[in-house]
Student: 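This structure is in C-alpha cells; I'll ask about it shortly.
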Amino acid sequence: MKFFVDTADIAEIRDLADTGLLDGVTTNPSLVAKTGRSFLDLVAEICDVVSGPVSAEVASTDFETMLAEGKKLAKIADNVAVKVPLTQAGLKTCKALSSEGTMVNVTLCFSPAQAILAAKAGASFVSPFVGRLDDIGQDGMGLIADIVEIYSNYDYFKTEVLVASIRNPIHIVDSARLGAHVVTAPPSVLKQLFNHPLTDKGLAQFVTDWQKTGQSIL
Ligand code: G3P
C-alpha cells in the first residue's frame, strides 16, 4: 500500500519524506492557497523532494484550458500527476493526457459510476473522498469497497484507487483492509500512525532498565 501526503507545505513534505515511508504527494488548489506561494515553483520543489507521483491540479473547468494547463504542469517534472475534476470535460482531458503518457489523478469522485468512467478514461489514479461523504452522513468507506470490487473484475482497468479526504487513522486501516492501492492523508494523520501509548510506556521502561546495566552497545 502506498502512502501519499495531502499537503502543499514543503516543510511537512520534507519531514515525512525523510522517514523513507512516503510514496507521493497530493495537492489541491485549497492547499496551495494556504501556502501563498507560486504554484509552479512549489510543484517543481515538491517534485525534487519526492520521486513518486506529485498531484498538481488544473485550475480551469473547460476541456481546452484544462488540457493546456495539464500539459504545462506535466512538463515541470516526470513525476507530476495532473489532477483533473471528475466531470465530462475533466475525463475528456484525462483521456487526452493519459493517451500521451501523462499520469492523471481524477479527483472529486463520489460514486462507483464516476470511478468506472475514470478507469475507462485511463486515469492512473481515482480519488474518492471518504471524509466528505462521511461528513454528509454517507458511507465513505463503502464507496472504497465498491470501487475496489468493481476494478478487480476487469484486469484491463489499471487505475489505482487513491483514498482521499482522510480524517483519521481508521480510514487508513480500513483502506488497507479493503485493498485500496494508495491513501493520501494530511501530515497530522500520517504522524498519528506511528503512535501508541503502550509503545511510549514500554520504551521508557526499556531505556531505564538498560541504563541499569551500565553497558553501551557502541
Ligand atoms: O486533496 C483532496 C482531499 O484529500 C481533500 O480532503 O479534507 O479537504 O476533504 P478534505
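The first residue of the sequence shown is numbered 1, and numbering continues consecutively from there. Atoms within a ligand are numbered from 1 in the order they appear, just like the ligands themselves.
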Student: Side chains of L143 and Q138, heavy atoms from C-beta outward: is any pair under 4.5 Å?
Tutor: no
Student: Should the heavy atoms of other residues, nucleotides or ligands under 6.0 Å from CD of Q88 be counted, would the total exceed 12?
Tutor: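 No, not enclosed.
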Student: When you look for protein heavy atoms under 4.0 Å from ligand 1, which residues do they belong to?
Tutor: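 Residues D6, N28, K83, F129, R132, A164, S165, R167 each place a heavy atom under 4.0 Å from ligand 1, listed by chain and number.
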Student: Hydrophobic side-chain clustering at under 4.5 Å (ILVMFWY, transitive links): who's grouped with V207? Put none if nobody.
Tutor: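 L203, which link up through side-chain heavy atoms under 4.5 Å apart, make up the rest of the cluster.
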Student: Would you compute the distance between atom OG of S111 and atom CD1 of I147 and round it to the nearest 0.5 angstrom?
Tutor: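 Separation between the atoms: 7.5 Å.
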Student: Considering only residues two or more places apart or on different chains, which pairs with a residue in residues 22-45 satisfy salt bridge (charged side-chain N to carboxylate O under 4.0 Å, His left out)?
Tutor: R14-E45, R37-E45
Student: Using a 4.5 Å cut-off between side-chain heavy atoms of Ile, Leu, Val, Met, Phe, Trp and Tyr, which other residues end up in the same hydrophobic cluster as M103?
Tutor: F4, F125, L162, V182
